[in-house]
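To keep things clear, I will list the structure first and then write my remarks on it.
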Amino acid sequence: EDKVVQSPLSLVVHEGDTVTLNCSYEVTNFRSLLWYKQEKKAPTFLFMLTSSGIEKKSGRLSSILDKKELFSILNITATQTGDSAVYLCALLMDSNYQLIWGAGTKLIIKP
Amino acid sequence: EAQVTQNPRYLITVTGKKLTVTCSQNMNHEYMSWYRQDPGLGLRQIYYSMNVEVTDKGDVPEGYKVSRKEKRNFPLILESPSPNQTSLYFCASSPGGAPYGPLHFGNGTRLTVT
């Protein structure tokens with residue numbers, strides 16, 4: 001069965017720390033991997049990754065995909081309290097264009 | 001402003017009383033989808049639609065109905081709600097007939113069925 005596993009489930013760090021969130025998958029033939037940030041309401045898009053080894057970057061956030069080892073990481077440097085959220089990872093399947101979602105990582109940044 | 005609008009934001013109802021959650025998008029997107037989100041389970045797809053009059057079941061369609069009579073609207077219907085349908089519901093849309101790119105989400109509907 002196709003599966004997406006995010007780790008850790010939750011994480012508490014202090015402002016200024018760097019965090020690495022992991023998204024592992026047991027999926028073959030996917031089209032892209034997406035990261036979303038969910039604060040109190042709707043998920044908002046962060047990154048879409050299609051090729052292995054190419055880092056996507058946006059300010060203090062970056063993400064990379066490793067298709068050989070079957071995972072992606074989301075890095076946040078110099079964390080701020082506004083980074084507190086649930087971070088979701090999803091894979092877009094090649095066969096039926098459906099999304100398979102991980103359960104998310106809840107990140108709490110303490111001032 | 002480009003957006004996906006869901007209504008209502010909060011809904012408390014009783015078992016068996018039919019309800020509809022509306023979803024409307026103003027971006028001319030072909031693809032629309034409904035998800036439910038429960039603690040520890042992430043987002044699970046209920047139904048999706050690749051275009052007008054084309055709908056299909058997602059992972060958890062039991063107890064739900066949808067319709068897509070026009071491109072902008074994709075209502076979710078619970079004919080006879082039960083307590084296990086208490087959840088946070090999201091509507092989402094994407095250009096193209098499939099979620100090739102990022103989804104645009106509505107702000108969610110928190111449903112409680114007693």
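The sequence lines fix the lettering, A, B, ..., with proteins before strands; numbering per chain opens at 1. Every value quoted in this text rests on a predicted model; they were computed, and no experiment measured them.
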Where does B:Gln6 contact chain A at under 4.5 Å (heavy atoms): side chain, backbone, both or neither? neither
Please determine, among A:Leu34, A:Leu99, A:Leu88, A:Val4, the option with the most heavy-atom pairs under 4.5 Å with chain B. A:Leu99
Angle class for the B:Tyr35/B:Phe105 ring planes (parallel below 30°, perpendicular above 60°, tilted otherwise)? tilted
The interface call for A:Gln6 against chain B, heavy-atom contacts under 4.5 Å, is neither
Treating Ile, Leu, Val, Met, Phe, Trp and Tyr as nodes and any side-chain heavy-atom pair under 4.5 angstrom as an edge, say whether A:Val27 and B:Leu43 lie in one connected cluster. no
Count the heavy-atom pairs under 4.5 Å between each of B:Gly108, B:Gly106, B:Pro102, B:Ser33 and chain A, then report the option with the highest count. B:Pro102
Could you tell me if the ring centre of B:Phe74 sits under 6.0 Å from that of B:Tyr48? no
Whether the B:Asp38 and B:Ser87 side chains hold a donor-acceptor pair (N or O, under 3.5 Å, no angle test) is what I'd like checked. yes
Heavy-atom distance under 4.5 Å to chain B: side chain of A:Tyr36, backbone, both or neither? side chain
Taking the cut-offs as 6.0 angstrom to the six-membered ring centre and 45 degrees off its axis, would you call A:Lys57 and A:Phe47 a cation-pi pair? no
